[in-house]
Participant: 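The following block contains the structure, expressed as structure tokens.
Values below: all heavy atoms of this structure, side chains included; hydrogens, waters and symmetry mates excluded. The sequence lines fix the lettering, A, B, ..., with proteins before strands; numbering per chain opens at 1.
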There are 2 protein chains.
Amino acid sequence: MGATKTYIFSTKQNELAKIAKVLAHPARVAILEYISKQDACICTDLVDIIGLSQPTISQHLNEIKKIGLLKGTFEGKNLCYCIDQERWKELQDTFHLFFSNINRNCC
Amino acid sequence: MGATKTYIFSTKQNELAKIAKVLAHPARVAILEYISKQDACICTDLVDIIGLSQPTISQHLNEIKKIGLLKGTFEGKNLCYCIDQERWKELQDTFHLFFSNINRNCC
DNA sequence: ATTATATATTGCAATATTACGATAATATTT
DNA sequence: AAATATTATCGTAATATTGCAATATATAAT
């Protein structure tokens, strides 16, 4: 008990839920927004911008990384995080499809 | 410790996260998909369709209701659940905006 | 090599979520 | 009024998430 029964749902349903879960925290929304607004992609200052501790930010970044949304490369001592545009579009499509496939003739 | 620090984020960021949280469970995705596919909206059989217990389904429905996505009216002994089209479009726009506002010139 | 700076990992406590049995509430039917 | 059917709520156990201090790791600069 207590654990999500993923096995009774379809792959697509689990996929959407998994992606949504990453967006289900304001810190991760804020991180994605911040990174996307940067011209360059040196994101050293997320800790100051967001206002959470460095380990916490690091963990959130890791959650975002898990669904393939971040490309990270070292540039000097700083880690350069960028949003993976291909993956971003994929997720956009996933959500678009989900929101589009809804029946209108009800109630 | 342990609780999300909502107060350090913007209303919009918290809003998106809150909506995403509802979609962050495959059962709720499945429920929304099922309801949207029905011509009529008598959704008594969700328990059989999804494969979770009646209390669990009821709780999930409640989560969906909390963000205003469900219109529910009693029709006889059965509860008639429908998706609120207005609200649905709002959420669709919220996500669309979020996914659109992303910088392209990076990395 | 040592120091400084940036990010990752570990360990742990607080809180939240998920799921279901038992039970209550509500409405229909007999 | 009693029985039936459907949904909601309560209580509780299992699991997951959130957040941070402490520590480890990695690169840069001195």
Side-chain angles (χ1 to χ4, degrees), chain A residues 1-9 13-14 17-31 34-35 38 40-67 70-82, chain B residues 1-9 13-14 17-31 34-35 38 40-67 70-82:
Chain A
M1 241 184 285
T4 299
K5 294 184 165 180
T6 45
Y7 57 92
I8 66 175
F9 302 104
Q13 287 164 344
N14 283 313
K18 200 173 129 196
I19 299 164
K21 198 174 253 177
V22 173
L23 302 179
H25 195 293
R28 293 191 288 265
V29 173
I31 288 171
Y34 179 74
I35 296 182
Q38 297 303 106
C41 50
I42 293 100
C43 306
T44 322
D45 24 34
L46 274 173
V47 174
D48 298 324
I49 299 284
I50 307 277
L52 291 170
S53 76
Q54 182 270 319
T56 305
I57 295 289
S58 186
Q59 276 176 98
H60 280 306
L61 281 168
N62 202 251
E63 293 300 310
I64 301 173
K65 226 185 289 177
K66 273 188 198 162
I67 58 163
L70 287 185
K71 289 193 289 190
T73 44
F74 272 104
E75 287 207 344
K77 67 188 162 197
N78 294 329
L79 185 52
C80 165
Y81 271 128
C82 291
Chain B
M1 241 182 285
T4 298
K5 294 185 163 180
T6 45
Y7 56 92
I8 65 174
F9 302 104
Q13 287 164 344
N14 282 314
K18 200 172 130 197
I19 299 163
K21 199 174 252 177
V22 174
L23 303 179
H25 196 292
R28 292 192 288 264
V29 173
I31 289 171
Y34 179 74
I35 295 181
Q38 296 303 105
C41 50
I42 293 99
C43 307
T44 322
D45 25 34
L46 274 173
V47 174
D48 297 324
I49 300 284
I50 308 276
L52 290 169
S53 76
Q54 182 270 320
T56 305
I57 294 289
S58 186
Q59 276 177 98
H60 281 306
L61 281 168
N62 202 251
E63 294 300 311
I64 301 172
K65 225 185 290 176
K66 273 188 200 163
I67 57 163
L70 287 184
K71 287 193 292 190
T73 45
F74 273 103
E75 288 208 342
K77 68 188 161 197
N78 296 328
L79 186 52
C80 165
Y81 271 130
C82 292

Participant: Where the side chain of B/Ser58 is concerned, which of D/dA16, D/dA8, C/dA8 is the nearest nucleotide?
Facilitator: D/dA8

Participant: How long is the gap from CD1 on A/Ile57 to CG on A/Leu46, to the nearest 0.5 Å?
Facilitator: 6.0 Å

Participant: Can you list the residues that meet the salt bridge (Lys or Arg N to Asp or Glu O under 4.0 Å) rule with A/Lys66, with sequence neighbours excluded?
Facilitator: A/Glu63

Participant: What distance separates B/Phe9 CZ from B/Asn14 CG, expressed to the nearest 0.5 Å?
Facilitator: 7.5 Å

Participant: Can you tell me the distance, in whole Å, between the NZ atom of B/Lys18 and the C1' atom of D/dT17?
Facilitator: 19 Å

Participant: CG of B/Asn62 versus P of C/dT17: gap in Å, rounded?
Facilitator: 13 Å

Participant: Output the rounded distance in Å from CG (B/Leu46) to P (D/dT6).
Facilitator: 13 Å

Participant: Rounded to the nearest angstrom, tell me the gap between atom NZ in B/Lys21 and atom P in C/dA16.
Facilitator: 9 Å

Participant: Please give, in whole Å, the distance from C/dT18 C1' to B/Arg28 CZ?
Facilitator: 9 Å

Participant: Could you tabulate the donor-acceptor pairs under 3.5 Å formed by side-chain atoms of residues 18-31 of chain B, not counting sequence neighbours?
Facilitator:
from	atom 1	to	atom 2	distance (Å)
B/His25	ND1	B/Ala27	N	3.0
B/His25	NE2	A/Thr4	OG1	3.4
B/Arg28	NE	B/Val22	O	2.7
B/Arg28	NH1	B/His60	ND1	3.0
B/Arg28	NH2	B/Lys21	O	3.0

Participant: Could you measure the distance from the SG atom of B/Cys82 to the CD1 atom of B/Ile35? Nearest 0.5 Å is fine.
Facilitator: 8.0 Å

Participant: Take the protein atom CD of A/Glu63 and the nucleotide atom P of D/dA16, then report the distance between them rounded to whole Å.
Facilitator: 13 Å

Participant: DNA chain C: B/Ala24 or A/Lys65, which has the more 5' nearest nucleotide?
Facilitator: A/Lys65

Participant: Which residues pass the side-chain hydrogen bond (donor to acceptor under 3.5 Å, both in side chains) test with A/Lys65, not counting sequence neighbours?
Facilitator: A/Tyr81

Participant: What nitrogen or oxygen pairs link the protein and nucleotides 19-21 of chain D at under 3.5 Å?
Facilitator:
from	atom 1	to	atom 2	distance (Å)
D/dG19	OP1	B/Lys5	N	2.9
D/dG19	OP2	A/His25	NE2	3.0
D/dG19	OP2	A/His60	NE2	2.9
D/dC20	OP1	B/Lys5	NZ	2.4
D/dC20	OP2	A/Ser53	N	3.0
D/dC20	OP2	A/Ser53	OG	3.3
D/dC20	OP2	A/Thr56	OG1	3.2
D/dC20	N4	A/Gln59	NE2	2.8

Participant: Tell me the interatomic distance from B/Ile57, atom CD1, to C/dT18, atom P, rounded to whole angstroms.
Facilitator: 13 Å

Participant: For A/Ser53, enumerate each residue passing the side-chain hydrogen bond (donor to acceptor under 3.5 Å, both in side chains) test, keeping only those at least two apart in sequence or located in another chain.
Facilitator: A/Thr56

Participant: Grab the CD-C1' distance between B/Gln54 and C/dT26 for me, whole Å please.
Facilitator: 13 Å

Participant: Could you tell me whether the phosphate oxygens of C/dA8, OP1 or OP2, come under 4.0 Å of any side-chain nitrogen or oxygen in A/Tyr81?
Facilitator: yes

